[in-house]
Amino acid sequence: MVDLKSQYNNIKEEVDKGIQAVIDSTAFVKGKVVKDFEDNLAKYLQVKHVISCGNGTDALQVAMMALGLKPGDEVITTSFTFIATAEVIALLGLTPVLVDCDPETYNITPEAIRKAITPKTKAIVPVHIFGQSAPMEEIMAIAKENNLAIIEDNAQAIGADYIMNDGSKCKTGTMGDIGCTSFFPSKNLGAFGDGGAVFTNSNELADKLRAIVNHGMKVRYYHDYVGVNSRLDGIQAAILDVKLRHLDEYAAARNYAANYYDKAFANHKHIITPARYDKSSHVFHQYTMKLIDADRDELKNFLNSKGVPMMVYYPVPLHLQSAYKDDRYSEGDFPITECLSKSVFSLPMHTEMNEEQLKYITDSVLEFFNK
Ligand SMILES: *Cc1c(COP(=O)(O)O)cnc(C)c1O
């Protein structure tokens, strides 16, 4: 589904040099290289503060801790996302309130959020699913009206632009109170191991976040908050700093592949290609289509037999996962999410796809329907 080896080969010299410099400096955890990467990412995103941490799941957790969310508080998020989004809500003793998503963009909808608000609601976690922004201006208006915090789960959309009503652009992850991202290797900005970061424009939240990721301390051995140990390694930061310089080029490569897929499957009677939301650019963390009147497992087996990988993100909605089943939810509650989980499929999507590979993949998919 991804080709991290070819990507590395193209930037090997820069990456190897960065890694060696960290080894020479022995600043293995945090240190100057981490600080420089945080500053460079802040500049790229045009956000005041970037605070790195151990992974994207931790980023979501420390965001909720910094906002002072307490057990019993309700946090609204989408039922169609990776488990981490809801996991940290539950882990902190908060109540995840799940809502349905949009059938075209797969993103959380303002209408569903509005319906889910109660006096206990404290925060909304929009996920910019597959690389395209959720409808942020509407969500920000709802948050303002109801005095709710917004934590953006930007793990799949780093680098995407949201286009404001006035035409100005804002990077996803920088519009809410706190944005969170993951540097897991297969993410759009991926390290050679785990990593994550939070972003904020609030000086106060930034101070608190910086302390929380490092045992709640501002001054060494003086602990102001209950914190966690969640830090970025110097070696990962060195790699990420190189890849950050290529991030826009990587997004363009992903769009090239997406446009190729779009054309190959346009107006196909069994395939609906992913919709583009007019208020966002798309950085295609995944190219996720819907399959109509065909057997998804059969398609997967056929493609696998031709050496083409195919994945389903995500086969089970959060409200139907065993760990999250509770008497508030049952099958049928979120028909759109449930329908998507039965019909979506994703093809390989990465920064190194060439025309030959794309032709082979798309020909293989089309062959399945013509056999
Ligand atoms: C990957 C991902 C995360 C978690 O990131 P990790 O670094 O793997 O902990 C959270 N939310 C979404 C939507 C993701 O895709």
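Order of listing sets the numbers, starting from 1, for every ligand and every atom in it. For reference, positions follow the sequence shown, starting with 1.
Counting non-hydrogen atoms of other residues, nucleotides and ligands closer than 6.0 Å to CG of Asn203 gives a total above 12. Other residues, nucleotides and ligands place more than 12 heavy atoms under 6.0 Å from the CG atom of Asp24.
The protein atom (non-hydrogen) at minimum distance from atom 15 (O) of ligand 1 is Gln156 NE2, 2.9 Å. Nearest non-hydrogen protein atom to atom 9 (O) of ligand 1 is Thr57 OG1, 2.5 Å.
Near Ala155, with a cut-off below 4.0 Å to any heavy atom, the atoms of ligand 1 are 2 (C), 3 (C), 10 (C), 11 (N), 12 (C), 14 (C), 15 (O). Residue Val127 has at least one heavy-atom neighbour below 4.0 Å for each of these atoms of ligand 1: 13 (C). Residue Asn55 approaches ligand 1 through these ligand atoms, each under 4.0 Å from one of its heavy atoms: 7 (O), 9 (O). Under a 4.0 Å criterion applied to the non-hydrogen atoms of Lys187, ligand 1 contributes the atoms 1 (C), 2 (C), 3 (C), 5 (O), 14 (C), 15 (O).
In this structure, His215 and His223 have perpendicular ring planes: the angle between them is above 60°, well past the 30° mark.
In this structure, His319 has its ring center no closer than 6.0 Å to that of Tyr324. Outside the 6.0 Å centre-distance limit, the rings of Phe80 and Phe334 are not counted as a close aromatic pair.
Counting only non-hydrogen atoms, the option in Ala197, Gly54, Ala86, Ser182 that gets closest to atom 5 (O) of ligand 1 is Ser182. Compare Thr78, Val88, Asp153 by their heavy atoms: the one nearest to atom 11 (N) of ligand 1 is in Asp153.
When only modelled atom types and interatomic distance are considered, Asn9 and Ser6 share no side-chain donor-acceptor pair under 3.5 Å.
Electrostatic pairing of Lys5 and Glu352 does not count as a salt bridge here, judged by no charged N lying under 4.0 Å from a carboxylate O.
His285 does not count as a contact of ligand 1, since none of its heavy atoms falls under 4.0 Å from the ligand.
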